[in-house]
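Keep in mind that the numbers below use all heavy atoms, side chains included, and drop hydrogens, waters and symmetry copies. Below, chains carry the letters A, B, ... as their sequence lines are ordered, and counting in each starts from 1.
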Number of protein chains: 2
Amino acid sequence: MQTLRSAPPAICEQPIDRFVADVLPSEVSEVARLRLRELAQPVSAIGGEAVFSPCTRSRIVHIAHGSVRLVAHASEQRDQVLSFHFAGDLVLVPARAAHGYTLYALGACEMVAFAADPLFELARSDAALGHELLTRTLRALARSREKTIALGRKTAQERVASFLVGMAERIGVPDDEGCLLDLPMTRRDIADSLGLTIETISRQLGELRDAGLLATSGRSRIRLLDLPGLAARAGHLPAGHLSAGHLSAGALTKSSI
Amino acid sequence: MQTLRSAPPAICEQPIDRFVADVLPSEVSEVARLRLRELAQPVSAIGGEAVFSPCTRSRIVHIAHGSVRLVAHASEQRDQVLSFHFAGDLVLVPARAAHGYTLYALGACEMVAFAADPLFELARSDAALGHELLTRTLRALARSREKTIALGRKTAQERVASFLVGMAERIGVPDDEGCLLDLPMTRRDIADSLGLTIETISRQLGELRDAGLLATSGRSRIRLLDLPGLAARAGHLPAGHLSAGHLSAGALTKSSI
DNA sequence: CGCAAATTTGACCAACCTCAACAAAGGTGG
DNA sequence: CCACCTTTGTTGAGGTTGGTCAAATTTGCG
């Protein structure tokens, strides 16, 4: 991956190189690569920091290291977390419209940001880049729809179980006795993501613990002891006959807008 | 738009031609057009009919005439309407994954369906088609996020007001005294879309009527008398300083996946 | 070790749901 | 064109889930 130009002495991989490796398909034209490097804008943030406070122009952000939450402001004191994103993901932060949007770092983050419009313009002429953006946007849409189902028609317990199963797929570490989760977000983040309160999150986690489905240790460590049991409580269809389509569960494991 | 091949004697426009006119950018290559005609699958449905009952392969459906609702089945007796779509829109009906999905006609419908995979494959080589699909998918994502905000953090009244404002933008007919809506969906459809019950929809419409914001006549006719007032009750940011970005409110008016 | 922030737990409350009865709409057949 | 009838929508009474407020407890950092 010889993509460095004026190679800065890097201890670890530079965010821009991580972006190239993660997002650019090998068929992307050389001219598009150069244009992307022109548009790329490196961004760092520390935990809790608002990356695009009042986001005035839509942006596409690639997460090289760390994790973030994308928040919509429904009103004073009412935030809705639209999505969580981890290293390797691409996030679309929309410009203010009917609501305002902000991207917050959940911990120290290294990112590469692009103004959305020139990026989409570039995709108009480069089919490989366009296809990559389309694929990721479709994944984001699938996740957003899952969230719609959860918020519209699921109980508090089902929402929490869905959240845990979803996080297990994305950042869970397989383990002899289930799956280990080290959540970078607080209870408030989870509550604002699931349309609940921190108290309800706490109570539901307690119930799932009492039911033997998980064990907690400290603030952020959760061991999932019975993933199928959790999926059942999440109101998911029984697994096993999932189709192998373009957007099947497996395809959703990594990276999305 | 000379896209007819073996011109069938058509009284009105054929669905496939409507699709070509609505969706295909003029730059789409001739070879891609031919391939699209191969993949296209005309579909008709009457009101209430399930178009893809248990949707096994992901599909992209273009609505030539009529309107539809995309439904996710959270469980027996618990449906969530993910989106409504009208003539000119493109809908992605996902294959069964964690939940099952079905597309229902809201009235008599003429559509053109595609298996999603070959369509995306075609977009991989044709940048213009890819860009069109990307643009529409981004709109769908923006709408889905709006719904997430509504379901996660809005009261029943705010949800109903948001719904009305959104429908006004899509199918409202401007009128000397506000905006006239002729809703093709039932109260149940609205309830399943907003994560509420039909009784709550009815009561909230009653309150908005008593507040002088709208007038109803019959089951489906609603006259919106005070759009700014409704937008305020919807919890929207005050209008006026909306950015002109790729996905600003105006750009969302028509067509999406 | 001390402390501020995060989380848990408990008691109470309200928004919305459930169940039930009623009214209106609008299609059908006479 | 009208009476009937089914479907859809409205209204009311009471229950439940999850929210609110407050206090106790834990975490993990300095």
>> If you take any heavy atom closer than 4.0 Å to DNA chain C, which residues from residues 70-85 of chain B end up in contact?
In response: none
>> Going by side-chain hydrogen bond (donor to acceptor under 3.5 Å, both in side chains), name the residues that satisfy it together with A:Arg153, two or more places apart in sequence or in a different chain.
In response: B:Asp192
>> Checking A:Phe19 now: which residues fulfil ring-ring contact (aromatic ring centres under 6.0 Å, His included) with it, not counting sequence neighbours?
In response: A:His62, A:Phe114
> Judged by modelled atom types alone, do A:His85 and A:Ser67 share a side-chain donor-acceptor pair under 3.5 Å?
Replying inline: no
> Heavy-atom distance under 4.5 Å between the side chains of A:Ile222 and A:Met167, does that happen here?
Replying inline: no
> Once you round to the nearest 0.5 Å, how far does OH of B:Tyr104 lie from CZ of B:Phe52?
Replying inline: 13.5 Å
>> Has A:Arg59 got a side-chain atom pairing as donor or acceptor with A:Val93's backbone, closer than 3.5 angstrom?
In response: no
> When you measure from every atom of DNA chain D, which of residues 148-160 of chain A have a heavy atom less than 4.0 Å away?
Replying inline: A:Thr155, A:Ala156
>> Measure CG/A:Asp182 against P/D:dT27 and give the value in whole Å, please.
In response: 15 Å
> Any salt bridge (Lys or Arg N to Asp or Glu O under 4.0 Å) pairs touching residues 205-217 of chain B, not counting sequence neighbours?
Replying inline: none
> Can you list every ring pair (Phe, Tyr, Trp, His ring centres under 6.0 Å) pair that touches residues 179-236 of chain A, not counting sequence neighbours?
Replying inline: A:His236-B:His99
> Given the rule in the salt bridge (charged side-chain N to carboxylate O under 4.0 Å, His left out) test, do B:Asp89 and B:Arg170 qualify, once you have shown the distances and angles that lead to the verdict?
Replying inline: CA-CA 11 Å; B:Asp89 288 0; B:Arg170 296 178 77 183; 2.9 Å; yes
> Roughly how far apart are B:Leu82 CG and B:Leu70 CG, rounded to 0.5 Å?
Replying inline: 5.0 Å
> Are the side chain of A:Gln80 and the backbone of A:Ser193 linked by a donor-acceptor contact shorter than 3.5 Å?
Replying inline: yes
> Bend across the helix from C:dC1-D:dG30 to C:dG30-D:dC1, to 10°, with axes taken over 5 pairs at each end?
Replying inline: 50°
> Residues from residues 190-211 of chain A sitting under 4.0 Å of DNA chain C, heavy atoms only?
Replying inline: A:Glu199, A:Ser202, A:Arg203
>> I want to check something: taking the side chain as every heavy atom from C-beta on, are A:Tyr101 and B:Ile149 in contact at a cut-off of under 4.5 Å?
In response: yes
> How far does CG of A:Leu194 sit from NZ of A:Lys147, to the nearest 0.5 angstrom?
Replying inline: 6.0 Å
> Nearest 0.5 Å, what's the OG-CD1 distance between B:Ser144 and B:Ile257?
Replying inline: 12.5 Å
> Does anyone know the first and last nucleotide of DNA chain C in reach of chain B, 5' to 3', at under 4.0 angstrom to a heavy atom?
Replying inline: C:dC16 to C:dG26
>> Counting primed atoms plus P, OP1 and OP2 as sugar-phosphate and everything else as base, spell out the protein contacts along nucleotides 3-8 of chain D at 4.0 Å heavy-atom distance: B, S or - for each nucleotide, 5' to 3'.
In response: ----BB
>> List the residues meeting salt bridge (charged side-chain N to carboxylate O under 4.0 Å, His left out) with A:Asp226, not counting sequence neighbours, and say none if there are none.
In response: none
> Got a sec, which pairs hit salt bridge (Lys or Arg N to Asp or Glu O under 4.0 Å) with one end in residues 67-83 of chain B, sequence neighbours left out?
Replying inline: A:Glu158-B:Arg78, B:Arg69-B:Asp189
> Minimum heavy-atom separation for B:Val43 to B:Ala113, with atom names?
Replying inline: CG2-CB, 3.9 Å
